[in-house]
Protein chains: 2
Amino acid sequence: MQTLESLVLGRAVVGSDAPVALFNPTTEEAIAEIRGGGIDFKAVLEFARSSGGPALRAMSFAERGAILKTLSHAIHEQREALIELSIQNAGTPRGDAKFDIDGATGTLAYYAALGESLGDRRTLADGEGAQLGRTPRFWGQHVLVPRLGAAVHINAFNFPAWNMMEKAACALLAASPVIEKPGTPTALVAARIARIVHDCGALPAGAWQFIAGSLGDLLDHLGSQDAIAFTGSSRTAAILRGHANVVRQNVRINLEADSLNAAVLAPDVEPSSETYSLFLSNLALDMTQKSGQKCTAVRRILVPKARLEEVRADLVAALAKVKLGDPTQAEVRMGPLASKAQFDEVRAGITRLAAAGTVACGGAERARERGWFVAPTLIVARDAEAEVFHADEVFGPAASLLGYSGEADQAARLVARGGGGLVSSAYSNDADWTERIVAGLAPWHGRVWLGSDRMAEQALPPGMVLPASIHGGPGRAGGGEELGGLRGLAFYQQRTALQGFKSGLAGYAPAESAKPAPK
Amino acid sequence: MQTLESLVLGRAVVGSDAPVALFNPTTEEAIAEIRGGGIDFKAVLEFARSSGGPALRAMSFAERGAILKTLSHAIHEQREALIELSIQNAGTPRGDAKFDIDGATGTLAYYAALGESLGDRRTLADGEGAQLGRTPRFWGQHVLVPRLGAAVHINAFNFPAWNMMEKAACALLAASPVIEKPGTPTALVAARIARIVHDCGALPAGAWQFIAGSLGDLLDHLGSQDAIAFTGSSRTAAILRGHANVVRQNVRINLEADSLNAAVLAPDVEPSSETYSLFLSNLALDMTQKSGQKCTAVRRILVPKARLEEVRADLVAALAKVKLGDPTQAEVRMGPLASKAQFDEVRAGITRLAAAGTVACGGAERARERGWFVAPTLIVARDAEAEVFHADEVFGPAASLLGYSGEADQAARLVARGGGGLVSSAYSNDADWTERIVAGLAPWHGRVWLGSDRMAEQALPPGMVLPASIHGGPGRAGGGEELGGLRGLAFYQQRTALQGFKSGLAGYAPAESAKPAPK
């Protein structure tokens, strides 16, 4: 059986610890294994800091952008092989596999173009300069410079390609060497990409390392110029945030964690409208894409009480059209959950939700005799205020349907009970209602998606993370911020106010060529 | 004896716990006392969130700016009384008292003008919008909206006026209600300002609360929309950062902690130059202003080895001119340390530094028979690499003099051994040397100050924190960021990506009138 390799200190390493099996979630067969151990993590960090970092910092943004373009092409060239691995190891139908892999190459291409647009620069200006003294002679200019540490990326199992490469794209463009740890259950895809990146030779030595298996004592060796970016559960996020050395050294940390994303239907939306069609199609997609294992998937659907029955029926009908089954089959739209642990957790979660409502479709049962399949599940809440719907993120193809008064303020208050999320969506053609829902949702989210007739034909769904918009959210969602164009680089940079003689600072001022960029 | 009052839930409260005495550090006499206890901190937070927050958010930036202007005037009107209190309770000569109090009113006035320039807006655009779909119909616009929680400010003893009001100015302009806790030893000044702010009635109920004494169980009640901004020791900072509820709830936290700020003299600076005069006068000021109890004060002075003796002699001469003594006397330029604890710690710190070098002036001895006086102290390091000079922040009128090769890179490497700082300064008229020192210092600092002949006449000293430039630093300095114009508001705001139909988002786009502003 294949044993995944780590790529550290310029070479492949297979660990010596007891093996952990990776499975095909459709067949429940073990298909590969990971072994931790045998890695000197202090040396891994030092290799990144002393070799990868200086080499990246010696390059311009355009040069680093060109590397990202090379990586995007190299990964895209092996797209078919990666799709195959994703089907095998993540249980994704072909469409879901592409969503992950094309998301990775697309995000790399976006940041490649951003790098190109920044040109020869090595330092970014942060805003315009300002006069500080009696005359402009004493001048201030903020700059963003690369930090000198390593970026440790602890990635989620659900997007082994995209989640690793969206983090890496921002870090590498900002001149930060990366150490990537994949989510174990789907590490086959991540390991193959890590190998492609390594073999294509575009990155300098030490800029790219990959850990298949445990991070061992790595966190104990982090210093104040290092950074951790994590995607996963809020439980693990809190452990990382409270880690003694992370706290002591003030290690920078960015967390993306649980999120009970909501979709809110406004009372003005007619059943015959484009907005209503968009609402239904987005919900059906969001609940079943990646079998609902998406940090941006909708968990709570809020509709005016009078519309509950109509939405229930329409949504059940839409979900019934989603063909569940063996993801190697072309007609299948939804595969199994990615792991046995996921399968057990999601079933337990559905059972908890179901106890507080009625099951409109799906349920906690095993949906196929073999494989970790759960059917698309909709629970109609008996009481929209019940805590379980707002506190319990079931990370699978399940959502709850909650009735509200139709008032934007009441909807926003219910959504806020989720304690902070990545994205919520609202569907309305009423400008006043929309303004009120934005006011209520914005403080609790990193992203608010607004559906309406005017954009229905053009819109990308709320579950899709775009590199031009930030990804992250307050509170339960981790408090982090990724992507958002240049905003995604700031985590890997130090903002510094330079103060001195004005013309001496001219080289740090914003240049036309340094201004943003690709759409 | 006067007992300081807390101002909570709209009324003055005197605690019931055992009293803690406040002293006149010049005479060592107790002059007031603080008693904790008797406060329902959960209710204090709820009052801020449910009363102060909504009232502030209902106002425009211009309206909140107008309030800051009123506060600035109200405090300025009592300037003489506040100077008197500062002399009594903080042991500051008149000039140092003004530095603190005028810093507070000046920062309020700066943010008042910034608010005025932002006009009617309640939400700030964050950058230009971007096309997200195939056509501009599907559009993205980032916005910064007020968070819905309370801002808890834990302030340092050294700047009872400025440190409280620079935090409050940013929070209040961003529509965040504040709960201010002063540093205990100098709380008389803070309490008087708190009373002025309360009595002037400019702020809505719940927007301003003040805790004289312990914060009790307040941290246990913080939620994910609340924020803590702290200035003080890195030991306390790590405790706050690792606090179980802060970690669990993902409470936002901004820390300003220890900083071993450095000043670097380049080899090109001639003894007869304006730059050299500026270097000496800044050092003498920085070491003795506020008796060196300034988070931005210089702790390490790096000079080319060949210049060590010259700088030592010149600096000792400059320090000898600083008249130490009773701060009520007009000719006195430097008073005592602010507390017995400070006195003990600074003397112990000087003893540790002195063990690794030679004392050029001053020393760990008590400098006057009565009062917590330490003389300006310069220690010439035997070995510039010795750990004590880079790890041990002596928060008083003491600095170490370290020789280096003259190479910018070597100087930057030594400075970086401080592990991250608020501000370091470099003095040179050589553009290449300056570029290299900026590259080396910037990743380790929130601010880099560059002294040269061309700006010498106009420059404000590096120890002065200006509202237009950020204040904070990575690593040991806490990793925080305050001030910096609008940047200082971001901590109290949520950045959210709005996605939807382009013209529906027009109201959130940047307006000409919303663009920055006062110098």
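Lettering follows sequence order; numbering is per chain, from 1.
The two residues A:Ser224 and B:Gly419 make their nearest non-hydrogen contact at OG-O, 3.7 Å. Here the shortest heavy-atom pairing between A:Pro443 and B:Gln494 reads O-CG, 3.7 Å. Here the closest heavy-atom approach between residue A:Arg495 and residue B:Glu481 is recorded as NH2-OE1, 2.8 Å. The two residues A:Gly475 and B:Asn250 come nearest to each other via the heavy atoms O-ND2, 3.0 Å.
Of the atoms belonging to A:Thr135, heavy atoms from both backbone and side chain fall under 4.5 Å from chain B. With a threshold of 4.5 angstrom between heavy atoms, B:Gln249 approaches chain A through N, CA, C or O but not through any side-chain atom. Heavy-atom distances place both the backbone and the side chain of B:Glu435 under 4.5 Å from chain A. Both the backbone and the side chain of B:Ser469 come within contact range of chain A, each with at least one heavy atom under 4.5 Å from a heavy atom of that chain. With a 4.5 Å cut-off on non-hydrogen atoms, A:Val423 does not touch chain B at all. Only the side chain of A:Arg487 comes within less than 4.5 Å of a heavy atom of chain B; its backbone N, CA, C and O stay farther away. Looking at B:Ala459, both its backbone and its side chain come within 4.5 Å of chain A, counting heavy atoms on both sides. Within the 4.5 angstrom heavy-atom criterion, no atom of A:Gln141 approaches chain B. Interface remark: A:Leu498 contributes backbone and side-chain atoms alike to the contact with chain B (heavy atom separation under 4.5 Å). For chain B, the nearby parts of A:Val448 are the backbone and the side chain; heavy atoms of each come within less than 4.5 Å. A:Pro462 does not touch chain B: none of its heavy atoms, backbone or side chain, sits under 4.5 Å away. Only the side chain of B:Leu505 has a heavy atom closer than 4.5 Å to any heavy atom of chain A. Both the backbone and the side chain of A:Ala442 come within contact range of chain B, with heavy atoms under 4.5 Å apart. Heavy atoms closer than 4.5 Å to chain B are found in both the backbone and the side chain of A:Gln499. With a 4.5 angstrom heavy-atom cutoff, B:Trp444 touches chain A via backbone and side-chain atoms both. Using a 4.5 Å cut-off between heavy atoms, B:Gln493 makes no contact with chain A at all.
The distance from atom CZ of B:Arg447 to atom NE2 of A:His142, rounded to the nearest 0.5 Å, is 9.5 Å.
Of the residues considered (A:Gly127, A:Gly507, A:Gly478, A:Ala237), A:Gly478 shows the highest number of contacts with chain B, using heavy-atom pairs under 4.5 Å. Highest contact tally toward chain B, considering only A:Gln458, A:Arg122, A:Arg137, is held by A:Gln458 [criterion: heavy-atom pairs under 4.5 Å]. Most heavy-atom pairs under 4.5 Å with chain B, from the set A:Gln225, A:His445, A:Met455, A:Glu457: that is A:Gln225. The choice from B:Thr434, B:Val438, B:Thr123 that makes the most heavy-atom pairs within less than 4.5 Å of chain A is B:Val438. Per-residue heavy-atom pair counts under 4.5 Å with chain A were compared for B:Gly140, B:Pro474, B:Gly473, and the maximum is reached by B:Pro474. Contacts with chain B were tallied for A:Gly479, A:Gly446, A:Ser234, A:Ala244; A:Gly446 has the most, counting heavy-atom pairs under 4.5 Å. Highest contact tally toward chain B, considering only A:His471, A:Arg241, A:Lys502, is held by A:Arg241 [criterion: heavy-atom pairs under 4.5 Å]. Contact tally against chain B (heavy-atom pairs below 4.5 Å) for A:Trp139, A:Tyr508, A:Phe501: the top residue is A:Phe501.
Between the A:Arg454 side chain and the B:Gly500 main chain, no donor and acceptor come within less than 3.5 Å of each other.
Counting heavy atoms from C-beta outward, B:Phe138 and A:Leu466 have side chains that approach closer than 4.5 Å.
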